[in-house]
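Below, chains carry the letters A, B, ... as their sequence lines are ordered, and counting in each starts from 1.
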Amino acid sequence: MTGSGDSVEKQVENLTAEDAREEFLELQTLLWAANREYHSSDAPSISDADYDTAKRRYLDLLDQFPELRKNATQAATVGAPIADGFTKVTHAVRMLSLGNAFEDEDVQNFDTSIRKYLGLDREAALSYTAEPKIDGLSLSLRYENGELVQAATRGDGETGENVTANARTIQALPHRLTGAPAILEVRGEVYMSHPDFEALNARILAKHQADPNPNKKEPKLFANPRNAAAGSLRQLDSRITAERPLRFFAYAWGELSEPLAETQWGAIERLAALGFETNPLTAQCSSPADLLAHYRQIEEQRASLDYDIDGVVYKVDDLSLQERLGFRSTTPRWAIAHKFPAELAWTRLEAIDIQVGRTGALSPVARLQPVTVGGVVVSNATLHNEDYIKGFDSKGEEIRGGKDIRVGDWVQVYRAGDVIPKVADVDLTKRPDDAVPFEFPTTCPECGSQAVREEGDAVRRCVGGIICPAQAVEKLKHFVSRKAFDIDGLGAKQIEMFYEDEHLPIRTPADIFTLQSRDSENLSKLEKRKGWGDQSASNLWAAIDEKRTIAFGRLLFALGIRHVGEVGARDLALHYGDWDVMAQAVDMARAAALAHRAADEAEEAERVAAAEHGRRARVKEARDRALAESNVPDAATAAWSDLTGVDGIGATLGLSLSDAFANSDERAAFDALRAHLTIVPPEAPQKDSPVAGKTVVFTGTLEKMTRAEAKARAEALGAKVSGSVSKKTDLLVAGPGAGSKAKKAADLGIETVDEDGWLELIAGA
DNA sequence: TATCCTCGAGTTCC
DNA sequence: CTCGAGGATA
């Protein structure tokens with residue numbers, strides 16, 4: 001604070017614009033150099049105090065002379081010394097989220113399904129741990145030979161952000177461990193205590209009030225301790241993080257060179273012994289009833305704790321059981337988060353707007369009088385669909401006790417999973433007399449096309465397809481989104497801008513790849529426009545060029561074909577290996593796809609007819625008749641069954657894919673796009689195990705594991721588990737009592753082992 | 001046919 | 001993060 005540079009202390013008010021500019025540029029150079037030195041860990045040429053003073057002066061000048069902003073080069077932007085943000089870290093062991101329980105019954109089911117999976121009966125002992133779920137952000141700390149070498153946020157679970165410099169400033173974290181495994185990744189929650197949070201906000205406020213600048217902006221206070229902790233940990237300038245009182249509870253681990261203990265409880269004790277803070281309210285419990293008792297106890301203490309918690313986490317205590325239970329796609333089977341009831345708030349519903357998504361889905365959104373829910377001001381909330389507003393679903397079942405939602409109503413709002421605002425209830429006693437039931441539109445509010453609701457479907461969809469500007473824009477946004485083409489500098493905002501652009505429009509995916517050549521022929525060049533410069537334009541061209549080579553799966557996902565998501569696209573890419581091979585196969589299967597649809601329709605017609613006449617529906621015959629009438633070539637049938645034989649690809653997805661490729665407009669768009677791209681074929685995931693890529697069938701009684709467990713293990717090792725023996729089967733695992741399957745396998749000459757043989761086979765993996 | 005699980009598509013706020 | 005629906009399975 002006690003700055004030495006006199007020039008820095010000059011009164012802003014007396015400056016001419018020219019003086020200001022000169023001083024501004026000087027400061028910029030100074031700060032830039034200081035940032036560079038600081039981050040390359042050179043000896044800094046100025047003290048922290050001088051740096052702060054210079055920075056404050058720099059920002060003051062910017063406030064006073066906004067026109068200076070155009071002189072601010074991005075690299076020197078103060079407060080963000082590293083312009084590009086954090087580097088990415090791939091977690092050695094994924095950081096997963098937890099499944100949720102809301103009711104006592106869910107906790108009982110958790111116990112039941114674990115016992116079922118492990119094959120334990122109801123009386124068998126099964127111990128758990130229960131600990132408060134801290135409302136902060138998870139952090140993974142990697143120690144090698146006792147040294148803290150890396151800290152990473154959770155991110156999407158696969159990769160997080162490298163926040164090592166910031167983590168090193170957290171006082172509560174041991175920087176060096178003694179007696180720890182050579183490799184130890186400690187995971188836990190970074191949080192801020194209530195007193196520290198309030199003191200921080202008070203400090204920000206005081207600093208603000210002390211600021212003599214008359215043009216100062218409103219102080220930016222943190223809404224809650226969690227935001228404060230997140231904001232502090234994700235500071236690009238770790239000196240700021242150092243000033244923030246962050247704390248850390250350890251509760252889990254990632255990669256380990258040796259086990260920490262045999263139980264969860266023991267592992268936590270071990271982490272505590274190594275110097276990590278662990279939560280004192282952790283307990284060992286021996287039954288669901290015990291877990292619930294501990295839950296209530298923590299719930300009672302909740303208000304008196306000096307940190308925020310949002311539930312209680314239950315984990316299977318025995319680590320070898322944890323390992324057997326393993327993981328579903330995104331959550332472990334051996335742990336669950338029992339959430340406290342969400343915070344509720346009442347407010348007025350001011351309007352209901354309809355948004356149109358990329359598939360044409362009309363989604364109602366509630367515009368609310370802003371209200372604070374769980375520390376965040378909410379002004380929008382999802383209303384899901386037509387039925388949710390009406391209060392009855394298509395089967396006539398009540399939603400919210402059958403109360404409909406009307407504009408003008410008092411509505412109760414909560415944040416589902418503490419994130420997505422939802423309207424939960426309506427106060428009928430406060431309903432205005434003139435409130436009328438909401439009429440859900442039957443035409444698209446964006447393009448005027450019909451909006452139809454398929455039988456049994458919850459959503460109403462605009463049929464306009466690519467004609468509908470809303471769908472076209474949303475489709476393009478999907479195309480450039482992170483899991484699709486992921487083009488730097490071409491996000492949702494830019495897509496909206498370019499879609500509307502007169503001179504340089506992007507209306508189809510292919511337009512993205514002709515953008516630069518069209519720009520060069522254009523009179524109103526991009527780099528001449530407001531908000532664009534030489535640099536930003538050439539950055540965009542480079543980012544687009546980078547994606548002219550694209551993985552097959554990403555491309556297929558990017559097209560936004562209904563029902564073809566990230567996983568489906570990847571599986572299809574893996575199955576066909578090549579774009580043209582797939583396109584040909586899909587074309588070939590067209591006749592069979594249409595026949596399948598005809599059969600569905602015939603089946604439905606038969607049901608209706610049967611219901612009318614009060615007779616039993618002869619569904620199968622109706623289907624067979626329809627299929628026979630369609631007279632599908634064998635090659636088409638073969639292509640169709642090959643397509644729908646892919647794991648996870650069924651008739652719905654097959655039809656959707658077929659329709660997209662058969663639609664001449666869409667097909668033309670695909671072909672136009674393809675001309676600009678080099679498509680990289682997918683690499684089969686190579687698992688290093690003796691059963692990778694093999695198709696395995698289990699039969700008979702398994703004694704050392706349950707069916708579900710055997711299947712999950714086999715799949716984790718890259719095997720495909722099938723229910724029936726065919727000539728594609730590579731291995732049959734037969735327990736006692738194996739019958740027809742074992743015989744069939746013997747007939748086909750398929751290798752057969754017993755359970756022990758199987759365990760031996762996979763033992764090394 | 002019912003039941004489980006996963007995926008797709010929708011959503012808000014920072 | 002949640003819901004609904006698709007797909008696999010018992």
Are A:Tyr576 and A:Phe552 close enough that their ring centres sit under 6.0 Å apart?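 They do not qualify: ring centres at least 6.0 Å apart.
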Do A:Tyr314 and A:His338 have ring centroids that are under 6.0 Å from one another?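 Between A:Tyr314 and A:His338, which both carry aromatic rings, the centre distance is below 6.0 Å.
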Pairing of [X] and [Y] as salt bridge, 4.0 angstrom limit:
{"X": "A:Asp387", "Y": "A:Lys390", "result": "yes"}
{"X": "A:Arg348", "Y": "A:Asp409", "result": "no"}
{"X": "A:Asp600", "Y": "A:Arg623", "result": "yes"}

Whether A:Thr652 contacts C:dA5 is assessed here as follows: a side-chain N or O lying under 4.0 Å from the phosphate OP1 or OP2. Is that the case?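 A:Thr652 to C:dA5 OP1/OP2: no side-chain N or O under 4.0 Å.
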Can a side chain N or O of A:Lys422 be found less than 4.0 Å away from OP1 or OP2 on C:dC1?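 Checking C:dC1 against A:Lys422, no side-chain N or O comes under 4.0 Å of OP1 or OP2.
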Contact string for nucleotides 9-14 of chain B, one letter per nucleotide 5' to 3', B = base within protein heavy-atom range under 4.0 Å, S = sugar-phosphate only, - = neither, reads SSBBSS
Rounded to the nearest angstrom, tell me the gap between atom [atom1] in [X] and atom [atom2] in [N].
{"X": "A:Tyr117", "N": "B:dC5", "atom1": "OH", "atom2": "P", "value": "10 Å"}
{"X": "A:Leu383", "N": "C:dC3", "atom1": "CG", "atom2": "P", "value": "14 Å"}
{"X": "A:Arg570", "N": "B:dC7", "atom1": "CZ", "atom2": "P", "value": "8 Å"}
{"X": "A:Arg460", "N": "C:dC3", "atom1": "CZ", "atom2": "P", "value": "22 Å"}
{"X": "A:Phe110", "N": "B:dC4", "atom1": "CZ", "atom2": "C1'", "value": "17 Å"}
{"X": "A:Glu386", "N": "C:dC3", "atom1": "CD", "atom2": "P", "value": "19 Å"}
{"X": "A:Ile114", "N": "B:dC4", "atom1": "CD1", "atom2": "P", "value": "16 Å"}
{"X": "A:Asn109", "N": "B:dC5", "atom1": "CG", "atom2": "C1'", "value": "15 Å"}

Do A:Asn380 and A:Arg367 have side-chain atoms, one donor and one acceptor, less than 3.5 Å apart?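 Result is yes, a qualifying pair exists.
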Judged by modelled atom types alone, do A:Asp647 and A:His575 share a side-chain donor-acceptor pair under 3.5 Å?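 Their side chains do not contain a donor-acceptor pair, so the 3.5 Å distance test is not met.
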Hey, does [X] reach any base, or is it just sugar-phosphate, or nothing, if we go heavy atoms under 4.0 Å?
{"X": "A:Gly231", "answer": "nothing"}
{"X": "A:Phe102", "answer": "sugar-phosphate"}
{"X": "A:Asn100", "answer": "sugar-phosphate"}
{"X": "A:Ala651", "answer": "sugar-phosphate"}

Would you check if A:Phe438 and A:Asp404 make a side-chain contact, meaning some heavy-atom pair closer than 4.5 Å?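 Side chain of A:Phe438 against side chain of A:Asp404, heavy atoms only: no contact under 4.5 Å found.
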For a 4.5 angstrom cut-off between non-hydrogen side-chain atoms, does A:Asp308 reach A:Tyr191?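 No, every pair of side-chain atoms sits at 4.5 Å or beyond.
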Protein-nucleotides 8-10 of chain C N/O pairs closer than 3.5 Å?
residue	atom	partner	partner atom	Å
C:dA8	OP1	A:Gly648	N	3.0

